[in-house]
Amino acid sequence: MSARLPRFNELSNVLKRSHISAYTRINITDSDLVVRALERSGSLNGYGRDTIVLDAYPSYGYVSQAVHDMLRPRKHVLLDIYPQVYKVLQEMVVPQDPTSYDLRPLDPYKWSTFDHLWTEEGMKPQKMPFGPEFNKEMLFIANLTGSGGTQLLSQYINCIGYRNWIFQFGRVKMLFAITPREAKLLFSTPGSTRRTRLSAIAYTVADIKPVLVTEPLRKDCDYGDGDPVEVSEEEFGDAFYPKKSGAVLIAVEPKENMLVEASDWYSYHLFVRNLFATRATPLIKCLRGLSPGALEPLYPVLKDEVDYETTRPVDLTAEQLARLHRAYEDWPFKPKNVMWSAFMEDFAEAEHTLVSQPGIIGPAADDTERSSS
Amino acid sequence: MPKSTRALKIVALRAIHNGLYRKSIAQAHPDPASIDHSLKIPLTTPRSTEDVVVISRDRLGDFGLAFPSLTTRQRKRSMNVSQNFDSSFFSQLQRESSHVSTSRTSFDANDRFKLLNVLSSCLSHGNIDRAKVILKNMRSSMTDDEYSLFFNEYITRLIEVNINFTIIEDTFKEALDHKNFIPTSKTIALLLWAASTLAPDLKKHEFIRSQIQITSLARDIPLYSIIEELFYLSPDSIPYVLRSGEIAQADLTDLPEEPKQYVDNLYRTLPTLVSLCSNKSQMRPLDPKQEIIEQLDDVESVGYKYVKSMLGGLADGVSFAPQEIQDALHKLSSSDRAQVSKTIPFFGDEHDTDAVLDTYWKLLEMSSNLEPEARAPLENVFDLFNRRREIALETTSLNSAAERWKEEYSASIERGSLPVMKKLNTLLYSWNKAVTSRIEKELDKMRDELATSTSRTIMNNSESRHEVLGLLSAIPTDQVSVITLLELLRLVAMGSEELSTSKVLNAIGDAIHLEYHVARYTKRNPNRDTRSLSNRQLLSIVNKNKHNADPFDKIWTSDTKVRIGAFVMSIVMDVVKVPVTRYDSVTNESITKKIDAFSHSYVYRNGKKIGIINPHPEILKYLAEGDMKQSANPQLLPMLVKPLPWTSNVTGGYLTAPNELVRTVSIEQKVYIQTAIENGTMDKVLESVSILGETPWTINSPLFEVIAQIWNKGEEFLDIPAKLSDEPDLPKSPGEGASPQERRDWARTCRLMMSKYRSDHSQRCDLNYKLEIARSLIGERFFFPHNVDFRGRAYPIPPLLNHLGNDLTRSLLVFWQPKTLGAEGLRWLKIHLANLFGKDKMSLDDRVRFVDEHLAEIVDSATNPLNGKMWWKYADKPFQTLGACMELEKALRCPDPTLFKSRLPIHQDGTCNGLQHYAALGGDIEGANQVNLLPAEIPRDVYTKVADMVRASIREDLEHKTAGVSELAALMADNITRKVVKQTVMTSVYGVTFVGAREQINGQLKEIDSIPEEKRYLCAIYVTKKVFGAIRELFYGAHEIQDWLVAAARIITKSVTTEDCLEAVDTRRAPKSVSSVTWTTPFGLPIVQPYRKMTKEQVVTRLQTVYLSDPYQLNSADSRKQASALPPNFIHSLDATHMMMTAIECHKAGLSFASVHDSYWTHACDVGEMNDKIRACFVRLHTSDLVAKLHKEFMKRTEFHYIPINIVPSHPKYAQLKQLAKDTKERIGRMPHLRDWFALEAEREVLLKSSDEAEREEGRNMVTASTILSDLEFDEISGQIMKSPSRSGKPAARKHRKKSSENAGEGPEVALVSDEDIELLDEAAAAIEEEGAAPKVKGSITVPWQVKFPEIPKRGDLDLTQVLKSQYFFS
DNA sequence: CGCCACAGTAGGGATATAAGTAATAGATATCGC
DNA sequence: GAAGTATCTACAGACAATATCCCTACTGTGGAG
């Protein structure tokens, strides 16, 4: 991996003409730029020779190379199941440090991929309780700009809440390439109408640090005290492929003290999701939607801080949300399973519906159903 | 032009084009070839297509809803435009084109629609002055006819509020001043009515007299039509009008039958009219038919006398006078009389409702054993009795439900019983009270707001308030509340998944709409005590109600209904509470609180938000087990009298509730149906569907007892889930650090548990409702009004309890009329029993033998259903089997079983009915043989056959150890049953895809335990391949027809007319095609496949926005769905026709008849006769070549339709086309675009349609693209319409490409990517490009090709008459 | 009285939403370049 | 105008996505002429 990849425009010509279309992902194609951004953000300070880097969807490896060059990690596992990517990397890269560089045709989408990986010698870091320190024995990198990337981003953040997956090892940092669209979601602060569920959830358990952003995003994003490298639109051609929208590099740093216990995370997750379904309606109205009569126990919670008539879910901080949730959980009249009803949202799995159980009871059994009974 | 206008216009044009208005298309046996083409376009034959456009646009403008003084805003939304897009719209179009429009104002439907709302609102809450202003304002934008309609409505409301008569008179005079105001007969009738009820006596007489005189002189409105209207409006005022107006009986001879009888009776019985009776008319000679009518009248007198005796009035709505029964009994023969008297020793106290009912039931039961003639006198009494009850049921049952809630509430208060609030009914009482008062409060608020608002703001934010106010104030508030609560509970009870808000709002909106009709009915018959009315009067009221269509009904669109529903629902959510007790762990005590009963939130499905109504779990508990007696929604129950016969698409069925003959999805369909009915070409459909409603049913009470016992026990029984308690305890969430996978599995488990709970709950509720309905119908005779889906398949309208239901539901229903079994009947009863048990694959004799051999078990089942051996439980259809066991046991207990009178319906089912029709269509002998169209010793069973073939093939794989599949073959070899393949076989001819079939089979394999779960999927794939193989082999004929149908559907749905193209904005591209596949069944039912691309929009309501599809948008046809649906729909339209034919024949022969699509039911003794008729009808249906007829109809309907196709330079016709293009270029100055090609076609079309022979000749000689391509058969271009052959080669190329790129990567390992490598990759890529790319065709042109269908598959030599002798055809 | 400017808003159109994609595969439709 | 990518997966009875933001065009008002 220490070998330089060709400039992307040369490679892309080849790829384009051979009709290989793995461009559902957005690639950052300038390793130097990435290095610069990472150094500026300081996200990788303290990482190095002891780190195991899990690298999901490396694409053509420019971010990977940057990280690899910076850390010279003990292990750098690249996971990509797509032959178009895998093959190209396999052919083009001959690692100079074979003990570190480890390209595998595995599907990082599958949880089991990691489970299997950790059974291997030297792949599993030491567990570290959530404390003041990050577990620098592990770094997770992923390009989440492809299809399903949004889903993964959301799920990886959820995993922090559950403290499972890589977070069973403690505060493991993640470095993600995401689309500007997701960046907008994440860098929205309370009070802005853009405030999203994802952002609220994420800041409950993690700090999101911008590393490399695009210039057009500036007006839609609030980076807080983050000071990322900004790529202007003119530079897109060199920095990204495809260059159309560009990509954003973020570091996700799990919080030391999460606002919600792991055991409550599921419920909290549903709670927030429910509130953000009507994220711009005043609390007085939308709190009722949680379950019948839910306004009553929640009204006292924030009444000294906010006006329930005007405050909307988007205006709440993660901390406020967590407190509301706590009160809801403690409400004795909370319907037993009402939150679980959200489980039934996909009906493909509902095997007990009347339709799939034609027979003696149930709706009309006409000719079709008789046939299946 | 606004989108909406265009949409309407397109429909109109299309309708015209399809010959919508003429009998020829919708005739009973469509022979499109005979259609006189000139009739197809009722407008003057256009010189160019532009004419058509202009004319129709004007017409739309005429009828359109312009209201320029209030707005100039261009409305794009078309939903409301369509309000007028009903039959009157089309009849408008139908008129002579000489009709000159009076207004050409801008086409703005919505604003006028809003005004209509306001008008309705003002009228309904009595704001007469504003109504008047609005009506006046609207005058300028209405056609004369429309104005009359609303003027009449206005007057009606004036009368209803008992306004001073002079105001009405002035209003009328004022209206007359408007030069274009043409009073209709209804207007006059209204005036007369008003005069007779409102005018002071002095004035009354004079007014009526002069009005009648004026009208007689004017002569454009015949007197009889006025009296007819009056009959429907207010029969009571007729005597006065006749007298004051000095109308002679002879003037009214043209009255329709029913009002005529009424009027004649008046002339005869009222002394003041006697003189008029004999007076010679000044206008018309005496009608000779008079005598006959008088004779008829005599027969009616029983009912009439009865009415008189009832005048004293009884306490309850249901009553029965002993005297009348005695009278009726006198008409019976002495032996019958003795029999009846013996059973009913005394007549109950007439004030005691229970006793009256009891008497009725006994009488009814007795009478069921009488011959129809003997029963007739009793029937007269019954009819009257029941019609009153039915009307009460339809109109007042809501009130009585509410009353019962109250009673129960007060009763529990009095008793001081602790759990006052623990009973659903008491809960409902308080809910209802709260909701009612809240609705009233809100409505009052709106009223105030509207009263104070200035006229300028009428149109804006108050619009929806007007809507709600107008519509809801027309209905008693408590009824709105009651129906909302009932409907809501029903939904909560029946829902097995989340209750989506849109579902709730729609349902409530619909229910309230129905109540609106009831309210309207009640209002129009104020204080009309049905007890005092004769049968005939009742009928007239009913007819009147159906006759006087409410012009405001059109306001009740789906969006309005949803808004109304949301209004009420939001109130319900605010005020409805349920007491909940919880243990508070903090204070360590139980606390009870009133918690909101419902909340509103959202769930996400595939990332999409879905609004849901969340009932408090506490409510679920009440519903599943509670006494539902007063909680069942009383709308749409089975009827106590015969349904009204269908006479139009909306008249028939229930007495007061509106219902549709054909369940249409789109307006397009409605228009076709209405036209066909008006043209009289659907008479047979009307007749047969009416017949289905005439079959009297009753509850099988012994079986009901058994089921009730099972229910009360509350244990799981067969598929009845056990009584439910609280929500299940879900497993504990996995601990911290559990892997995502574990979490997912856990969530899934929880979901399934909840799902199961909800499903069990809804099944319990479903059964609870059904049993409650059944219980209330025990001892009754009732009827199921039917209607049909758009393909003609018939369904009973009452939901829940009907004979289409599941096994349990079916078992509860038997024919009311018992019929003596006879030897044959006994045999059929046994066969039926065997069939129900599952032994329907044996020969008939074997089935009889099977039953004989199991007599002991059968008797045991019948006598000891729940404590015996319970043999019946093991049947395929256990509850019906039990019913049959009981019936058989009863018969056998008779000294002579053949004399037993049986009520049990015996089923005769088509054996794979779809394939039977296919075989008959194709004349396919082998196919016919497979599905019992040919006589055989034992029944053939295709499913078994296919299963055998599949099994054989699998065995072969097993023996040959075929690579890759031998493992699967081993797994499956012994698991191929009939059941596994059945559904797939059936659906294969309907076009199931491989994926679909695989899912079906996968589902079946789930039930087989010996297949490991992880292999199941592979097995399913394997078996599906085999099944498809076998089917291809076995049903070649059916598939040929299917393919043809699919091809035809594609052609039709891709075709465009010249107008379509000339209209299109893009001159080069093909326009969207709007033709649906449309055909006519042999019984004249026009079928329009409704599948179009949906356009939906969000409708804002108080609760949330609701996503509604706009039924009036004319979207382009969904060609894929149209094509895949044609085979099943066509076949189903045939089996529906077959059913209708059989129903009519059975009816003629006096057989009871019921059907479930391809299962025909009658009494045991009549099975033989019905079987003959089934076969005869089948043969008759298929004697003509139906596919050929379909082909002809398709051709006729697409006569001038084109499909743009691509012609490549190598094509033989290319040169010719190119030449034509050059010629055209000289004319228009550029190479022709697609639109220009179409313009050429349009020109030709006009010429060909000309009335001038010379022009037609010119047209025939014209050269256009389509004439050049006229030899081009469908097969040659099918690739462009069906799947493309050039594309079919693609997957291979792609595979190859993939391989190449792999090769490219297999070079020597290199540390760096060198230039050489890049070149290498480059080369490979280039190579791929060369190979994979299709040859690019330059210079090809796209031109219209006049549609032509592929040859229809040749019909085989099947001798259809063989069917007559095939005993297993239906068995 | 009519005109014009301006403010306020109704409503149409666009967009995001959630979050395992458990397996498969072929045809067709739409869409972006 | 051709190529990749998304969207289906037999029909019917019974159906069904929403909240919010942004922008435009319209309405109504008020003021000056």
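In what follows, every chain begins at residue 1, and chains take the letters A, B, ... in the order their sequences are listed. Only a predicted model underlies this, so the values are computations on that prediction, with no experimental measurement involved.
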Return no unless some side-chain N or O of [X] is found under 4.0 Å from OP1 or OP2 of [N].
{"X": "B/R1120", "N": "D/dA6", "result": "no"}
{"X": "A/T281", "N": "D/dT20", "result": "yes"}
{"X": "B/S500", "N": "D/dA17", "result": "no"}
{"X": "B/R663", "N": "D/dG13", "result": "no"}
{"X": "B/T1105", "N": "D/dA19", "result": "yes"}
{"X": "B/R743", "N": "C/dA19", "result": "no"}
{"X": "B/S1119", "N": "C/dA29", "result": "yes"}

State, without any angle test, whether B/N806 and B/T809 hold a side-chain donor-acceptor pair at a distance under 3.5 Å.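 Note: B/N806 and B/T809 side chains meet the donor-acceptor criterion.
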
Which one is paired to [N], where only Watson-Crick or G-U wobble pairs with both distances under 3.5 angstrom count?
{"N": "C/dT21", "answer": "none"}
{"N": "D/dA6", "answer": "C/dT28"}
{"N": "D/dA25", "answer": "C/dT9"}
{"N": "D/dG30", "answer": "C/dC4"}

Starting the side chain at C-beta, find the nucleotide from [options] nearest to [X].
{"X": "B/N506", "options": "D/dC21, D/dA10, D/dA16", "value": "D/dA16"}
{"X": "B/K1054", "options": "D/dA10, D/dC11, C/dA29", "value": "C/dA29"}
{"X": "B/K1093", "options": "D/dG13, C/dA19, C/dT30", "value": "C/dT30"}
{"X": "A/A280", "options": "C/dA22, D/dC21, C/dT17", "value": "D/dC21"}
{"X": "A/Y109", "options": "C/dT21, D/dC21, C/dA18", "value": "C/dT21"}
{"X": "B/Y795", "options": "D/dA19, D/dA12, C/dT17", "value": "D/dA12"}
{"X": "B/Y1017", "options": "C/dA27, C/dT24, D/dA19", "value": "C/dT24"}
{"X": "B/S502", "options": "C/dA18, D/dA16, D/dC8", "value": "D/dA16"}
{"X": "B/N1129", "options": "D/dA12, C/dA19, D/dA17", "value": "D/dA12"}
{"X": "A/Q151", "options": "C/dT21, D/dC21, C/dA23", "value": "C/dT21"}

So what does [X] hit on the nucleic acid, given a heavy-atom distance under 4.0 Å: a base, only sugar-phosphate, or nothing?
{"X": "B/V989", "result": "nothing"}
{"X": "B/F994", "result": "nothing"}
{"X": "B/K1121", "result": "sugar-phosphate"}
{"X": "B/G991", "result": "sugar-phosphate"}

Are A/R312 and A/D315 close enough for a salt bridge, meaning some N to O gap below 4.0 Å?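 Looking at A/D315 together with A/R312, the answer is yes, because their closest N to O distance falls below 4.0 Å.
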
Lys/Arg-Asp/Glu bridge criterion (N-O < 4.0 Å) met for B/D789, B/R791: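 Salt bridge flag = yes for B/R791 with B/D789.
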
Should the heavy atoms of other residues, nucleotides or ligands under 6.0 Å from CD of B/E1014 be counted, would the total exceed 12?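 Check passes, neighbour count above 12.
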
B/K1096 atom NZ, neighbour heavy-atom count above 12 within 6.0 Å: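 Buried by this count: over 12 neighbours within 6.0 Å.
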
Specify the separation, in whole Å, of atom [atom1] of [X] and atom [atom2] of [N].
{"X": "B/K1096", "N": "C/dG12", "atom1": "NZ", "atom2": "P", "value": "18 Å"}
{"X": "B/N806", "N": "D/dA14", "atom1": "CG", "atom2": "P", "value": "17 Å"}
{"X": "B/I1087", "N": "D/dC11", "atom1": "CD1", "atom2": "C1'", "value": "12 Å"}
{"X": "B/L800", "N": "D/dA14", "atom1": "CG", "atom2": "C1'", "value": "12 Å"}
{"X": "A/N274", "N": "C/dA19", "atom1": "CG", "atom2": "P", "value": "11 Å"}
{"X": "A/Y57", "N": "C/dT21", "atom1": "OH", "atom2": "P", "value": "13 Å"}
{"X": "B/K1015", "N": "C/dA22", "atom1": "NZ", "atom2": "C1'", "value": "15 Å"}
{"X": "B/R748", "N": "C/dA19", "atom1": "CZ", "atom2": "P", "value": "17 Å"}

Mind telling me whether A/H269 and A/W265 have parallel, tilted or perpendicular rings, with 30° and 60° as the class edges?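 Geometry flag for A/H269 against A/W265: parallel rings.
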
Check whether the side chain of [X] and the base of [N] form a donor-acceptor pair under 3.5 Å.
{"X": "B/Q1098", "N": "D/dA19", "value": "yes"}
{"X": "A/R194", "N": "D/dC21", "value": "no"}
{"X": "A/Q155", "N": "C/dG20", "value": "yes"}

Heavy-atom nearest nucleotide on DNA chain D for B/M1094 versus B/A997: which residue maps closer to 5'?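 Nearest nucleotide further toward 5': that of B/A997.
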
Earlier contact from the 5' end, DNA chain D, for B/Q1104 and B/V992: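 Result of the comparison: B/V992.
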
With centres under 5.5 Å and planes under 30°, do B/Y602 and D/dA17 count as stacked?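 B/Y602 ring does not meet the centre or angle cut-off for D/dA17; no stack.
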
Test ring pair (Phe, Tyr, Trp, His ring centres under 6.0 Å) applied to B/Y990 and B/H917, B/H1132, B/H1039, the passing residue: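 Exactly one candidate clears the test, B/H1132.
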
When you compare the side chain of B/Y918 with that of B/F1035, does any pair of heavy atoms fall below 4.5 Å?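 They are not in contact (no side-chain heavy atoms under 4.5 Å apart), so the answer is no.
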
Could you pick out which residue, B/R998 or A/L152, lies toward the 5' side of DNA chain C when each is mapped onto its nearest nucleotide?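 Upstream on the strand: A/L152.
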
Judged by each residue's nearest nucleotide on DNA chain C, which is more toward the 5′ side, A/D107 or B/K609?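 The residue whose closest nucleotide sits nearer the 5' end is B/K609.
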
Side chain B/S666, main chain B/Q669, donor-acceptor under 3.5 Å: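 Present.
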
